[in-house]
Amino acid sequence: VMVLGNVDAETTASSAKAALNANSAAIRNFMRVTISERRQCRYDGFRTKEFTMPQLLNRPRAIDVMRREKLDGLVALSNHNIYYLSGYFGILMRTNFDQHTAAVLPLDERQPRALVTAAFDCRNVINADPPVENIVIYTDAPPTPDQATSAGGAIYNGWGTRPDAPLTPRQARWIQETARLTETTAQSCVHGLIKVIKEAGLEKSRIGVDDERLLKWLPELGLKNATLVPADRVFKEIRMIKTEAEIELLKRAAKINEA
């Protein structure tokens with residue numbers, strides 16, 4: 001322990017210990033309140049206002065820019081653009097992994113907006129209930145062809161549940177939605193991306209991608225007839241004009257930084 005001025009080492013150590021204890025108690029109290037609030041928020045209903053992700057997509061502007069650029073759809077592989085298009089920010093995105101989640105925005109609003117994510121992220125997607133019409137999960141290539149789903153991926157079994165286990169409405173929904181999603185599990189993120197592109201009627205269309213690796217990956221894995229063009233600039237131009245939700249999110253982030 002350092003000696004400061006005329007304060008002896010014992011007094012300094014005692015004061016430091018008291019401050020540390022007080023700080024630790026404050027942190028524990030904060031965590032108790034925070035964890036309690038989050039539990040209440042998570043389990044009282046499927047979605048809650050406090051923890052619903054803000055929807056950032058400025059779709060009218062996106063449509064205008066896509067029409068000007070003669071694009072029939074946009075594909076996002078970058079985390080920030082996936083969140084912008086789909087309203088979802090998942091586990092792999094929070095750890096800054098790329099190429100493991102994807103999103104698709106068709107120009108035609110009658111066609112489904114889509115999200116592709118890993119099977120183990122399934123519960124989080126169900127909880128978040130993102131505003132997309134098509135969700136595809138992926139696992140890996142199956143051990144043998146007869147163990148593949150209709151989309152070519154390995155079957156995902158989800159979480160084991162005893163037949164007599166009492167389930168909350170949320171847990172029952174997890175099981176029901178997981179069973180539905182695993183019927184068409186893909187064997188990789190890019191395979192899943194090709195699936196949702198085709199289901200949006202874009203397999204022969206002009207598509208903008210924000211990651212140029214997709215210019216090679218998509219044709220190699222079967223998307224032969226689409227015209228793929230780099231579109232990172234297009235994403236940036238769309239996002240230049242903020243929605244009210246995005247402005248509010250920026251204000252909240254600024255306040256956090258100032259605290």
Output the distance between atom [atom1] ([X]) and atom [atom2] ([Y]), rounded to the nearest 0.5 Å.
| X | Y | atom1 | atom2 | value |
| --- | --- | --- | --- | --- |
| Ile137 | Cys189 | CD1 | SG | 12.5 Å |
| Ile135 | Glu177 | CD1 | CD | 8.0 Å |
| Phe89 | Asn79 | CZ | CG | 5.5 Å |
| Ser78 | Leu85 | OG | CG | 10.5 Å |
| Trp217 | Leu77 | CH2 | CG | 6.5 Å |
| Asn124 | Thr117 | CG | OG1 | 8.5 Å |

ILVMFWY cluster, Ile63 and Ile241 together (side-chain gap under 4.5 Å) =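 No, separate clusters.
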
inquiry  = I'd like to know if Leu193 and Leu215 are part of one continuous hydrophobic network [Ile/Leu/Val/Met/Phe/Trp/Tyr, side-chain heavy atoms within less than 4.5 Å].
reply    =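 Yes, one cluster joins them.
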
Taking all heavy atoms of [X] and all of [Y], pick out the closest pair and write down the distance.
| X | Y | value |
| --- | --- | --- |
| Ile155 | Gln147 | CG1-O, 3.5 Å |
| Ser205 | Gly201 | OG-O, 3.6 Å |
| Ala151 | Thr184 | CB-O, 3.3 Å |
| Gly152 | Pro142 | O-CD, 3.2 Å |
| Leu56 | Leu249 | CD2-CD2, 4.2 Å |
| Leu202 | Gly73 | CD1-CA, 4.2 Å |

query = Does Tyr84 reach the side chain of Leu74, with side-chain heavy atoms less than 4.5 Å apart?
reply =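 Tyr84 does not reach Leu74 side chain to side chain.
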
task = Only pairs at least two apart or in different chains count here, so list each salt bridge (charged side-chain N to carboxylate O under 4.0 Å, His left out) that has a residue in residues 130-144.
result =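 For residues 130-144, and leaving out neighbouring residues, there are no salt bridge (charged side-chain N to carboxylate O under 4.0 Å, His left out) pairs at all.
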
query = Restricting to pairs with a member in residues 195-204, which pass salt bridge (charged side-chain N to carboxylate O under 4.0 Å, His left out), not counting sequence neighbours?
reply =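 Checked against salt bridge (charged side-chain N to carboxylate O under 4.0 Å, His left out) - neighbours excluded - the pairs reaching residues 195-204 are Lys195-Glu199.
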
Hey, is [X] close enough to [Y] for a salt bridge, meaning N to O under 4.0 Å?
| X | Y | result |
| --- | --- | --- |
| Lys255 | Glu258 | no |
| Asp232 | Lys236 | yes |
| Arg233 | Glu237 | yes |

ask   = Excluding sequence neighbours, so at least two apart, what forms ring-ring contact (aromatic ring centres under 6.0 Å, His included) with His191?
value =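 Checked His191 against ring-ring contact (aromatic ring centres under 6.0 Å, His included); zero matches.
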
Donor-acceptor pair, distance only, cut-off 3.5 Å: does the side chain of [X] make one with the backbone of [Y]?
| X | Y | value |
| --- | --- | --- |
| Thr182 | Thr178 | no |
| Lys242 | Arg239 | yes |
| Arg206 | Thr227 | no |
| Thr139 | Gly153 | no |

query = Pick one: which of Ile197, Asp210, Asp211 meets side-chain contact (heavy atoms from CB on, under 4.5 Å) with Val75?
reply =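 It is Ile197, the one option of Ile197, Asp210, Asp211 that forms the side-chain contact (heavy atoms from CB on, under 4.5 Å) with Val75.
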
task = Could you walk me through whether Leu92 and Asp121 pass the side chain to side chain contact (heavy atoms under 4.5 Å, CB included) test, one step at a time?
result = CA-CA 8 Å; Leu92 291 169; Asp121 200 22; 6.0 Å; no

query = Stepwise, does the side chain to side chain contact (heavy atoms under 4.5 Å, CB included) test hold for Asn127 with Arg170?
reply = CA-CA 8 Å; Asn127 287 346; Arg170 179 185 289 270; 2.5 Å; yes

task = Please list all pairs passing the ring pair (Phe, Tyr, Trp, His ring centres under 6.0 Å) test where one or both residues lie in residues 235-259, with sequence neighbours left out.
result =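 Residue pairs with at least one partner in residues 235-259: there are none.
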
message = Can you pull out every ring pair (Phe, Tyr, Trp, His ring centres under 6.0 Å) where at least one residue sits in residues 100-123? Sequence neighbours excluded, please.
response =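 Those involving residues 100-123 are Phe97-His100.
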
query = How would you list all residue pairs meeting side-chain hydrogen bond (donor to acceptor under 3.5 Å, both in side chains) that involve residues 148-157, not counting sequence neighbours?
reply =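 Matches after skipping sequence neighbours: none remain.
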
Evaluation steps, side chain to side chain contact (heavy atoms under 4.5 Å, CB included), between Leu57 and Leu105 = CA-CA 10 Å; Leu57 176 62; Leu105 178 70; 4.0 Å; yes

request  = Applying side chain to side chain contact (heavy atoms under 4.5 Å, CB included), run through Leu218 and Val190 and close with a yes or a no.
outcome  = CA-CA 7 Å; Leu218 289 171; Val190 180; 3.8 Å; yes

ask   = Got more than 12 heavy atoms from elsewhere within 6.0 Å of CZ, Arg68?
value =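 Above 12, so yes.
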
